[in-house]
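What follows is a short report on a single structure.
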Amino acid sequence: MDDDLPTDFQVIVVGTGMVESIVAAACSRIGKNVLHLDSSDHYGGLWASYNFDGLQKFIKEVNADPKRQLQVYNLIEKWYIEKDSPQDEKKEDDENKTDDTKSEPVKKIWSHASFTAEYRKFNIDMTPKLLFSRGPLVELLISSNIARYAEFRCVTRVLTWLNDKLMPVPCSRADVFATEAVSIVEKRMLMKMLTSIVGYNEEEMNNEFKDWNDKTFKEYLSHKGLTPNLIHYVLFAIAGGTNNMPCLEGVKECKKFLMSLGRYGNTPFLWPMYGSGELPQCFCRLCAVFGGVYCLNRPIDKVETKTVDDKMVVTIDSKSKTLNCDHLVIGINECPKNLISPEPAESCDISKAVFITNGSIMPSEKEPLTLLRFPPLTDDDNAVTVLEVGPATGSCPKGLYVVYFITNKVKDAESDLKPYAEKIFDMSGGDQTQTADKPKCLWSLFYNVKDTSAPVASSADAVHVCSGPDAGLDFDRAVEQAEQIFKKICPGEEFLPRAPDPEEIVFEDDVTHGPEFQREEDDADGDAPKE
Amino acid sequence: MHGRVKVRTTEEEKARKERERQEKLKIFKYAMQKIQSKRKSSELDKELLELTGKVLSSNPDIYTLWNIRRDILNIFRKNNEADESLSQMFDAELHLTEYCLKINPKSYCAWHQREWVLTTRTDPDWSTELSLCNTYLKLDSRNFHTWDYRRFVVSQCKPPLKVEFDFTTDKLLEDFSNYSAWHYRSKMLVELYPDLEGGRPIEDSHHKHELKMVQSAAFTDPDDTSAWFYQRWLLGAVKTTIRLVTYVIAPKKATFAFSKHVDLSFVRSKTFLLINNQEIVGEWYSCTGNMYDVLWVFKHWASITDALDIKVMYENNDGIKEEILSSKCSNSPYIGRTEIDFERKYSAPVVEELNNQLEACRQLLELEPDSKWTLLTTTVFLHCINSRLNYKEVMENLKTLKNVDKLRAGYYSDLITKWSVEEQLYSDYKSDNRQFKVRFTETMSSLPHLQYYSFCEEVDLSNQNLSSKVLPSLIVLQHCKKLSLANNKLTSLRYFPILDLEELNLKGNELDKNEIELLKTSKNYNIIY
């Protein structure tokens, strides 16, 4: 097999993270000859989604050989349930309950064994992220026609933590109308604030905010007469900020949020079905459709740059084969240190956690898909982003929810996030069937990730280093960086022009045509079921 | 290399589309021709059904074709086609309309055809229709055709009204900018929750709840008019009483003025003239000749002399007969008047809610003093809660609104006129004066409640802002002798009504000299110009 692999490419991409995959697709799309490699056996790198078995392997790998996954550390996995399901007890329970609790099905008792049995129904993200409905990634997926490779679900609600409980955030017009959490005058104030932020043109913006450059968003909101409740909603939940958020940044974040409202669902967000890890793969698929060559399980040993005939060429040694290319696009984690110049500054790492629970943090009629924005609980903390996804997103088996926590690291993942988790989960283990206010946490995973999201310059013009995932909510920075890299490799070329649909493609070939398909004479029955 | 990707250029694509279009046009023309000729030769058969179906499925709005299809289906019906096959034909018809509505969800004729099928066939399936409405309203919650059709379906299959009511709640929570949903809601509200004890249209707690709901909508998006409409409807949902406001029994003429337009049967069955305790027989004529009128003339044969005991029995809304006595000064006819009352009769809990909402509006006005919606709503609340107590503030607000909202200045002027006349009526009805003279400072642009002044001998409408279009309404001044319209905006006298005047003042109007002369020759009263 290895012998079949050609050795010369225009572009070689190493790593199948988000940025790398977008660049690979963009290059391939305009006709560049692309080879895309990944050292592991799956797509996505740190952006990947795993089923439960894959996740267990990942955890084992990190714990067994911390040097192999330098980016992930402080990894702690915990079970809150038994190894095996208590089969007999459960049956007894069923019998006892048939009389009085007909309407409510008996809660399933989960165990290690039942997780293992249904491992394929889990899709757990290493880098869970949302898409803004009018954000750059959605626009790119549509304009490039890559959207047909992906499916999305609308985030159904935005929650926040207010007065020691979970509260839905009224963010759309319909929400503001329906909510009973704010008074009638507050409704008007909130709507006025939101519509004015969206409505300001540049001149009005400059006018309104000329004196606010060095002040906080919170100060601005109080100045506008918003009540403490409303300030909480706008500052923490809509702008996703903290008390110190600068005013202009707050306005920008609000605008981004509000501009994405009303396109698909009741909130501005989309969640990719089967996890965020699907998205790099969509771009890889387009790359392959336009002729890109893929090799997984292909670690690289050495990268060298040299000049041949006045042209910079990069050579890669991989599995004792030398591959040549004009441009090397490489994920920061795969990149030899000598190519990075200068060393990226030490930045704030990310604390993450994943929980599997037996119910939603706030049950609702239809299965919810939730974004929860926690304001910092103490002054030293950062704001915490929580995403709760259910079975309808293909993330887990029926009856379970996967909940992601993300924040900027202060101490370590567990101490940063556990206090928040305890607010909304019952983490004491015990009887899963008992009904309580909070869902039971069945399994948890805390870990820290090195923040490699800062753009990094390489020491050679022909080598382009792609950043890792950031702590942000969306993919915007990845899309932006991919476009920049593409523009460097292919100056003047269009970034991911629309890929044609199959019916738009004309096949010009030298084989003789078969008989032409006869179209039925009337178009009228177009949609009617075929006989 | 084969299988190479080559995308059609836009030019190629355009040419291809044009070719397709021409092809379609050819087929369409041919089909239409064939349909016409078959129809001319009365071949109303299955082939024609098929042909029209094919054309309609791409052009659902050719109503002639739907008519033909109904003709055909009717023939099959009359020919005693077997139930099963008839049912199949109707099913196919429903299928076709559904398909057509997918192409044009606002096709009048497709919706009508569907309604026809369901009312014509013997085995209609209403539950399917209701779920069809649900689906269509999910796709477009504001399609009034679907709402209309839904009301039709509901009128046939009669699901619990509460379910329908809750359906509108759901739709409004999704998007309250929906006239159809608010309207449907108002219809069900009075059916579901009438106030049986108090005789009001809506039961207190629900009236309050709706007021709260619509206020929430109005405060969320004041620029959306649908909520304001519903709010106005709610404020107007009070017990309405039609009252006899004044009657005049003169030797020549007897007139009766009502607070609202009423018809002959109403007048005849509720109003009785008694002279010396003797019921007088006579005939009723509306003063305009219209079926509904505010002023009715009673022709009777009794002679009206001095020193009679004249009174009127009037049966009010609650079925109670009121006795309305008359008074008489020398040289004047017998005049009876009832007490003026323009207050809206809300229940105490609703008034409490209105006061709360007024308070919220006032808070908001402090924050947004320039918001016309808030000011208008505040004003309407003030008027509805107690029009007399709040009269001054209401007038001030309306004057402000005229400046803030110039586009609707005329509307505010009319409100000022109407509410000012109402206020003046309270005192005018307390005096025995038979004069009407405008005593408020704002000029009148219309003549509301003029029938209340039908007993007046002298009516002074000078220095107002009246145009010729108000002239017909002067007909209610049946007992007026001296009428002044001096210094107004009259431009023509064409529609001046027939009145038994002695003097008419038309000074200060831009009228045509010839018209004045003509009037002078035809009328036997003094015309000042």
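Below, chain A is the first sequence line, B the second, and so on; all start at residue 1. Remember, it's a predicted structure, so these values are computed and weren't measured experimentally.
- The parts of B:Ser177 that come within reach of chain A are both its backbone and its side chain, each placing non-hydrogen atoms under 4.5 angstrom from that chain.
- In this structure, B:Leu139 has no side chain to side chain contact (heavy atoms under 4.5 Å, CB included) partners at least two apart in sequence or on a different chain.
- Open room surrounds CD on B:Glu50; 12 or fewer heavy atoms of other groups in view lie less than 6.0 Å from it.
- Interface check for chain B: of the options A:Ser183, A:Ala174, A:Gly225, the most heavy-atom pairs under 4.5 Å are formed by A:Ala174.
- Crowding of B:Gln22 atom CD: a count of heavy atoms from other residues, nucleotides or ligands under 6.0 Å exceeding 12.
- Heavy-atom pairs under 4.5 Å with chain A peak, among B:Met213, B:Lys212, B:Glu368, at B:Glu368.
- Interface residue B:Glu174: only backbone heavy atoms are found under 4.5 Å from chain A.
- For the atom pair B:Gln363 CD and A:Arg188 CZ, the distance stands at 14.0 Å (nearest 0.5 Å).
- No more than 12 heavy-atom neighbours from other residues, nucleotides or ligands sit within 6.0 angstrom of CZ on B:Phe229.
- Around the OH atom of A:Tyr294, the shell of radius 6.0 Å holds more than 12 heavy atoms that belong to other residues, nucleotides or ligands.
- Most heavy-atom pairs under 4.5 Å with chain B, from the set A:Val176, A:Thr179, A:Asn266, A:Leu190: that is A:Val176.
- Of the residues considered (B:Ala217, B:Ala227, B:Ser371), B:Ala217 shows the highest number of contacts with chain A, using heavy-atom pairs under 4.5 Å.
- The closest side-chain heavy-atom distance from B:Phe176 to A:Arg173 is below 4.5 Å.
- Using cut-offs of 30° and 60° for the angle between ring planes, the A:Phe177 and B:Trp182 rings count as perpendicular.
- Ranked by heavy-atom pairs shorter than 4.5 Å toward chain A, the options B:Ala218, B:Pro222, B:Ala31 are led by B:Pro222.
- Ranked by non-hydrogen atom pairs under 4.5 Å with chain B, the options A:Glu186, A:Met189, A:Lys192 are led by A:Lys192.
- Within 6.0 Å of atom NZ in B:Lys14, 12 or fewer heavy atoms from other residues, nucleotides or ligands are found, so the atom counts as exposed in its surroundings.
- For the set B:Asp175, B:Asp221, B:Asp224, the count of heavy-atom pairs under 4.5 angstrom toward chain A peaks at B:Asp221.
- The most heavy-atom pairs under 4.5 Å with chain A, out of B:Ala360, B:Ser216, B:Cys361, come from B:Ser216.
- For A:Met259, the CE atom counts as loosely surrounded, since its 6.0 Å shell holds 12 or fewer non-hydrogen atoms of other residues, nucleotides or ligands.
- Atom NE2 of B:His206 has more than 12 neighbouring heavy atoms from other residues, nucleotides or ligands inside a 6.0 Å radius.
- Heavy atoms of B:Asn59 lying under 4.5 Å from chain A are absent altogether.
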